[in-house]
Amino acid sequence: MSAAPYPASARLGETFFAHPVEDVAEALLGKVLVHRDREGLVALRLVEVEAYRGEGQDEASHAHRGPTPRNHQMFETPGRLYVYLCYGVHHCLNVVCEAEGRAAAVLLRGAEVLSGGSILARRRGHAGYGIANGPGKLAQALGADLGWDGRSLLAGETGFWPGPSPGEIRQTTRIGISRGRSDLLRFFDPASRCVSRARPVL
DNA sequence: CCATAGATTGACT
DNA sequence: GTCAATCTATGGA
């Protein structure tokens, strides 16, 4: 008999996210993002993330020039979501890290389906490894929108649980940015097919 | 006020 | 390979 999946006692808590953002980003690979709603339970194993450092430390970060109406959740306590609209079209999910006022966050860029495949496929319009192999796709699969901005991951319908660690972790430059191009802040599991198709600058 | 760039994706030549 | 979709933030007239 296996135990009930995703018990509250195993959920990642605030201390997991209250560390330097590069460390949290790397540690998030292999972790399982679980979301429950009226449609059911879905579980996604993270295989690609990027770290964005705090205010004034990272020219690529939305928080680089300080708080705005869009990014103000980045300045709140760790373990919550920062959700923004990218190119006016796609939603992207970030996890706030470090400490209140630091504005460091991890962008969720790619994940593998563990549970709820039919729900995720319905939201995305198709099945297969392209369900969540990109930040906008991952958000669409979850049904996330701006209403998720600021949502706590420490309790409630959305959160992280331990999962199978990657056998190997690869580190590269981040994708789609023009400033901060030389920082090696993208982390992914090279064994996964669900890494985003976009290529880093270097 | 207007122009432009941006942590993307899917459709199309 | 190119390009449009269309919201936020910033910088200049």
Side-chain angles (χ1 to χ4, degrees), chain A residues 17 20-26 28-29 33 44 46-76 78 80-98 102-113 120-151 153 169-189 192-202:
Chain A
F17 303 100
V21 68
E22 316 76 323
D23 298 344
V24 180
E26 188 168 355
L28 273 172
L29 290 181
L33 177 56
L44 291 166
L46 282 187
V47 298
E48 181 185 0
V49 297
E50 286 177 356
Y52 287 85
R53 295 196 174 107
E55 179 181 13
Q57 295 183 249
D58 184 354
E59 289 203 312
S61 170
H62 287 173
H64 179 57
R65 295 170 194 277
T68 67
R70 177 176 69 164
N71 71 14
H72 74 280
Q73 289 293 344
M74 296 181 78
F75 292 81
E76 294 295 330
R80 71 181 56 221
L81 287 175
Y82 160 51
V83 182
Y84 72 95
L85 195 53
C86 187
Y87 292 96
V89 181
H90 303 99
H91 298 281
C92 290
L93 272 53
N94 300 255
V95 181
V96 177
C97 295
E98 299 192 359
R102 294 279 306 136
V106 175
L107 171 68
L108 308 183
R109 289 197 57 94
E112 298 171 347
V113 175
L120 297 162
R122 189 184 328 127
R123 293 192 188 121
R124 286 279 297 125
H126 64 84
Y129 60 82
I131 287 261
N133 65 338
K137 300 176 189 179
L138 193 158
Q140 185 180 39
L142 286 165
D145 58 24
L146 292 180
W148 290 38
D149 189 35
R151 169 177 300 186
L153 298 168
I169 291 176
R170 212 106 81 188
Q171 194 170 351
T172 71
T173 57
R174 293 172 292 184
I175 291 171
I177 55 167
S178 60
R179 311 175 125 198
R181 295 157 79 125
S182 55
D183 296 323
L184 299 177
L185 292 174
R186 172 173 176 256
F187 303 86
F188 67 97
D189 175 357
S192 176
R193 304 169 75 193
C194 299
V195 170
S196 67
R197 203 154 170 286
R199 291 233 170 295
V201 184
L202 283 182

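Note that the structure is predicted; figures quoted are calculated from it, not measured.
V113(A) is listed as a side-chain neighbour of L44(A), based on a closest heavy-atom distance under 4.5 Å. Residues T173(A) and R181(A) are not in side-chain contact: their nearest non-hydrogen atoms beyond the backbone lie 4.5 Å or more apart. Residues F187(A) and L28(A) have side chains not in contact (no heavy-atom distance under 4.5 Å, counting atoms from C-beta outward).
A heavy-atom distance below 4.0 Å to DNA chain C is reached by these residues of residues 85-93 of chain A, ordered by number: L85(A), Y87(A), G88(A), V89(A).
Place A63(A) and K137(A) on DNA chain B by their nearest nucleotides, and A63(A) ends up nearer the 5' end.
Scanning for side chain to side chain donor-acceptor pair (under 3.5 Å) contacts around E48(A) gives R109(A), R186(A), S196(A), with sequence neighbours left out. Under the side chain to side chain donor-acceptor pair (under 3.5 Å) criterion, R53(A) pairs with E22(A), sequence neighbours left out. Under the side-chain contact (heavy atoms from CB on, under 4.5 Å) criterion, R179(A) pairs with E59(A), R65(A), sequence neighbours left out. For Q57(A), the side chain to side chain donor-acceptor pair (under 3.5 Å) test picks out R102(A), with sequence neighbours left out. Considering only residues two or more places apart in sequence or on other chains, R151(A) meets the side chain to side chain donor-acceptor pair (under 3.5 Å) condition with T158(A). Residues forming a ring pair (Phe, Tyr, Trp, His ring centres under 6.0 Å) with F75(A) (at least two apart in sequence, or on another chain): none.
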Please report, to 0.1 Å, the donor-acceptor pairs under 3.5 Å made by any side chain of residues 88-95 of chain A, with sequence neighbours excluded.
residue, atom, partner, partner atom, Å
N94(A), ND2, Y82(A), O, 3.2

Side-chain atoms of residues 127-143 of chain A: list all donor-acceptor pairs with protein atoms under 3.5 Å, sequence neighbours left out, distances to 0.1 Å.
residue, atom, partner, partner atom, Å
N133(A), OD1, K137(A), NZ, 3.0
Q140(A), OE1, R124(A), NH1, 2.7

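Taking every nucleotide of DNA chain B with any atom under 4.0 Å from a non-hydrogen atom of chain A, the first and last of them, 5' to 3', are dG6(B) to dG10(B). Of all nucleotides in DNA chain C having an atom under 4.0 Å from a heavy atom of chain A, the first and last in 5' to 3' order are dA5(C) to dG11(C).
A donor-acceptor contact shorter than 3.5 Å is absent between the side chain of D149(A) and the backbone of L146(A). A distance-only check finds no donor-acceptor pair linking the side chain of E50(A) to the backbone of L107(A) [under 3.5 Å].
Spacing between dA5(B) and dC3(C) at atom C1', rounded to whole Å, works out to 16 Å. A distance of about 16 Å separates the P atoms of dT6(C) and dC12(B), rounded to the whole Å. Between the P atoms of dG11(C) and dA7(B), the separation comes to 14 Å (whole Å).
At a threshold of 4.0 angstrom between heavy atoms, the contacts of R124(A) are confined to the sugar-phosphate backbone, with no base atom among them.
Base-pairing analysis of DNA chain B finds the following stems of at least three consecutive Watson-Crick or G-U pairs, with both pairing distances under 3.5 Å: B:1-6 with C:7-12, B:8-12 with C:1-5.
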